[in-house]
Amino acid sequence: MAAPTTVQQLHLHLHDLAAQAVQALGGPAVELNLAPPPNPEMGDLGFPVFPLAKPMRKAPPALAEEITRELQTRAAGDPYIAEVLAAGPYVNFRLNPAGLLRLILHEQRSERPFGSHQAEAPQRVMIEYSSPNTNKPQHLGHVRNNLLGHTVANILSFYGHDVIRANLINDRGIHICKSMLAYQRFGHGETPERAGVKGDHLVGDYYVKFNTEFDKEAEQYALKRFKDDLLQHVFAEEAGVFLAEPATLAAFKKLLAQRPDPALTQEAERLQGHFATLKALQDQEKAQLNALLKPIKDKAERQRLTEQPPQAILDLRHQAWTLRQEIAAFIVKHRTPEELDRLHTLWYLSRRMDKDAYFNSDDSDLGAAAREMLRQWEADDPEVRALWATMNGWVEAGFHQTYDRMGVRFDHIDHESETYLLGKDLVEEGLQRGVFHRAANGAVVFDLAKIGLSGEKAVLRPDGTSLYTTQDLGTAARRFDNHHLDRLMYVVGDEQDHHFKVLFGILGQLREGWQDRCHHLSYGMVLLPHGRMKSREGTVVDADDLLDLMERLAADEVRARYADLDEDEIQRRAVAIGHAALKFFLLNYSPPTSLTFDPEKSLEFTGETGPYLQYAYARTGSILAKAGLDPAADLEPDMDALAALTSPLEREIILHLAGWPAAVAWAASKYDPSKIAGFGYQTARLLARFFSDPDHNVLKSEEPLRSGRLALMWAVNRALGVALGLLGIQTLNEM
RNA sequence: GCACCCAUAGCUCAGCUGGAUAGAGCAACGGACUUCUAAUCCGUAGGUCCCAGGUUCGAAUCCUGGUGGGUGUGCCA
């Protein structure tokens, strides 16, 4: 084998050397699991001999000794291997750091960037991310999606694939009509310019306006239509249940706040404490009942026990009932008739009334108007289309401002208004071929049993209109055909896991091989300390507001450190640092992890954060600059200088850098930016240790160590710069 | 009911596809600014890797069963 010219080849070289040694000793040809030992004193890269012990009929430690001796003779004179040593049942290599760093420097100067793949053929990959609705501005959830998609695209592209960044803007449908209708009725011709508001926010305000107006309408309807029904339920058997609900008591507390009476409010708060007890009682009851039922298989006996549980369980229920009564009695005693009406209505709306059904009924004025508007849109009504074009224009302009701020971009932008009719021909063809069948009511459906799931999935309604899935099938097909894709990826939250399983399954039935070329990059939700973001409750973290906040917080930090810096420079750094903190925070979680965003705790600039990486980078750059070296220009390594790098920390840094190609390969194959973030953080951590140690001072050290350390700084600066670039984090030369 | 995901330090998370003594950040406590930039470093403390079995030379990691939490399960999008 030729001498290794890359770190990856070196890894293979070591593996082959070890495998040859094993075979020379009569062992089997197996893959050896080369991994770093837990302690650097043991070596840099090693493998366990357990799997070889049985076939070679030797005790592991003795075998390790034997393999080590064999390797020592075979590796003699190898420029990359300093030592081979046995450690119990393990065989470890100690590498020559100078040789390793020379390889790294060589790769960093080569045309193919260090860490990009060397062997695989490039693939054409389309990755769809963001996919926003044009009825409201983007929020923190979108930010995670945008950054995840954009960063994965960066990684795949860096790795050597041909990447198409796609966005499918959901610009049509009933939800769009809601904001349009509210604007038409309440907007008075307002524009973003006149209101001084970003277009997406302006439209979002009308979407909210629609919902509050609709809620009012629904409440009035419920009160008028179901008054008798409400009263009956409330004072009948469900009284205790309804009144003793957390939501009811909370609503009542709000009502109490309108007629200030501290004593009552206090009492309401005390009673709210009962809910925790109620929950505990319920859990106990459930646990006891389950334990009781568990050993009993007979169905009738189980049912009897469920219906007539033993006294202990009844006691628990009684305790709970007493608490409920206390809460109910409090509300009944202190409510005014108006308040009770309001509570009834809220209860009915939350428990009994199907708001979607109401929206879709002729009873709802706003619902009917919105649906009519959708019909007009589909019929190309010029007035509706004009309004739609105007408002969508505002929203998209707003989106693009936000994308630009985040550094997120796209190669292809599709609109659902152009794609929503796609897929029908595909369904027709599938129907002919028996992929789909016609249901009794005329709908065209897919039998999910064909792909190992249960139930049916409709792809055409009885009236022949298409569904979301139909459109997705058509859009995917068009993308495969137009772009000759090897892979099609969707960055979408994990609540749509099932949808994509179905979609890909059907695609696979329609076209051989498409299923395996599709991938759903599923990621966890962004939660707030109190739970999910709910626009209804005003807990949504707006993307633009968040970016503003990050910039402001970062500006405060910069100002606190460099009071005399001019304001432009403060702002420039604040944008870089604030965005870095946000990006790193979101990308440092592995995608499947759902994360809790706590503004108090999440917006940090110290510890494992983006600015920590930027800081380490800035310091390497500063040292290079002081030495008169340009980090952008190439550096010619001098072996004597590199050989002077012998401290444990220097070795550790070099070894860590050698792990970059593996980190990129891993991130690219798993679509996981957190691997890159983790690598960057480890790099920064090693550097922080390096900088804090006076013995490792670069500029004050003697030649040839000084040149060696400068070469190391140069290599680290490049590697960290590339990692930060992939994460979309701006580098700074001074912090 | 069924399906999928998750459970690791007080909190938030890693843990390289089964290897050697399970790691970081935050929070707590103690120490280091005459600095190649303290957005930093060093140290102390903190663990029944949810529980019970199984596979294996070896399990946080794989399998089975349970418990707890989340998300789905539209002829909605």
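Proteins come first, then strands; the chains are lettered A, B, ... in the order of their sequence lines, and each starts at number 1.
- Checking the phosphate oxygens (OP1, OP2) of B/A39, no side-chain nitrogen or oxygen of A/Arg573 falls inside 4.0 Å.
- Across all strands shown, A/Phe500 has no heavy atoms under 4.0 Å from either base or sugar-phosphate atoms.
- If you take OH of A/Tyr681 and P of B/G25, they are 4 Å apart, rounded to a whole angstrom.
- Applying the 4.0 Å criterion to OP1 and OP2 of B/C57, one finds that A/Lys54 has a side-chain N or O inside that range.
- Among all heavy-atom pairs drawn from A/Met533 and A/His139, the shortest one is CE-ND1, 3.8 Å.
- Of the listed nucleotides (B/A20, B/U71, B/G19), B/U71 has the atom at the smallest distance from the side chain of A/Glu495.
- Listed pair A/Lys501 / B/G72 fails the phosphate criterion, with no side-chain N or O lying under 4.0 Å from OP1 or OP2.
- Contact check, A/Lys178 against B/A77: no side-chain N or O comes under 4.0 Å of OP1 or OP2.
- We find that the ring of A/Tyr90 and the base of B/A20 stack, their centres lying under 5.5 angstrom apart and their planes tilted less than 30°.
- With distances taken from any side-chain atom of A/Phe50 to the nucleotides B/C57, B/A20, B/C36, the minimum falls on B/C57.
- Phosphate contact (OP1/OP2 of B/U71, side-chain N/O of A/Arg532, threshold under 4.0 Å): present.
- Closest contact between the side chain of A/Glu608 and the listed nucleotides B/U21, B/A77, B/A24 involves B/A24.
- Here the closest heavy-atom approach between residue A/Tyr523 and residue A/Val492 is recorded as CE2-C, 3.4 Å.
- Checking side-chain atoms of A/Asp354 against main-chain N and O of A/Ala357 turns up a donor-acceptor pair under 3.5 Å.
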After noting the C-alpha distance and the side-chain angles of A/Tyr207 and A/Met180, does the key distance pass the side chain to side chain contact (heavy atoms under 4.5 Å, CB included) rule? CA-CA 8 Å; A/Tyr207 185 69; A/Met180 283 164 63; over 6 Å; no
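- Side-chain atoms of A/Asn441 and base atoms of B/C75 include a donor and an acceptor less than 3.5 Å apart.
- In this structure, of B/C13, B/U37, B/A77, it is B/U37 that holds the atom nearest to the side chain of A/Tyr562.
- Closest to the side chain of A/Ser622, from the set B/U37, B/U71, B/A77, is B/U37.
- A/Thr593 has a side-chain polar atom (N or O) that falls below the 4.0 Å cut-off from OP1 or OP2 of B/A14.
- The P atoms of B/A60 and B/C51 are separated by 11 Å, rounded to the nearest whole Å.
- Among the protein residues, A/Pro592 comes within range of no part of the nucleic acid, since none of its heavy atoms lies under 4.0 Å from any strand.
- For B/A14, the OP1/OP2 oxygens have a side-chain nitrogen or oxygen of A/Ser590 closer than 4.0 Å.
- A ring-centre distance under 6.0 Å is found for A/Phe679 and A/His656.
- Applying the 4.0 Å criterion to OP1 and OP2 of B/A77, one finds that A/Tyr468 has every side-chain N and O outside that range.
- The two residues A/Phe585 and A/Thr596 come nearest to each other via the heavy atoms CZ-O, 4.2 Å.
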Mind listing the N/O atom pairs, protein and nucleotides 43-45 of chain B, below 3.5 Å?
none

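- For B/C6, neither phosphate oxygen OP1 nor OP2 lies less than 4.0 angstrom from any side-chain nitrogen or oxygen of A/Tyr523.
- Shortest non-hydrogen contact noted between A/Ser454 and A/Leu448 is O-CD1, 3.4 Å.
- Taking side-chain N and O atoms only, A/Arg561 has a distance below 4.0 Å to OP1 or OP2 of B/A39.
- Look at the C1' atom in both B/C41 and B/G47: the space between them is 26 Å, to the nearest Å.
- Results of the side chain to side chain donor-acceptor pair (under 3.5 Å) test with A/Ser417 over A/Asn392, A/Asp171, A/Thr134 single out A/Asp171 as the only residue that passes.
- Under a 3.5 Å cut-off, the side chain of A/Arg709 and the backbone N or O of A/Leu699 do not form any donor-acceptor pair.
- Atom CG of A/Asp598 and atom P of B/U12 are 10 Å apart (whole Å).
- Within the structure, a side-chain polar atom (N or O) of A/Lys700 is placed less than 4.0 Å from OP1 or OP2 of B/C36.
- At a cut-off of 3.5 angstrom, the base of B/A20 holds at least one donor-acceptor pair with the side chain of A/Asn92.
- Listed nucleotides: B/U71, B/U37, B/C75. Nearest to the side chain of A/Met525: B/U71.
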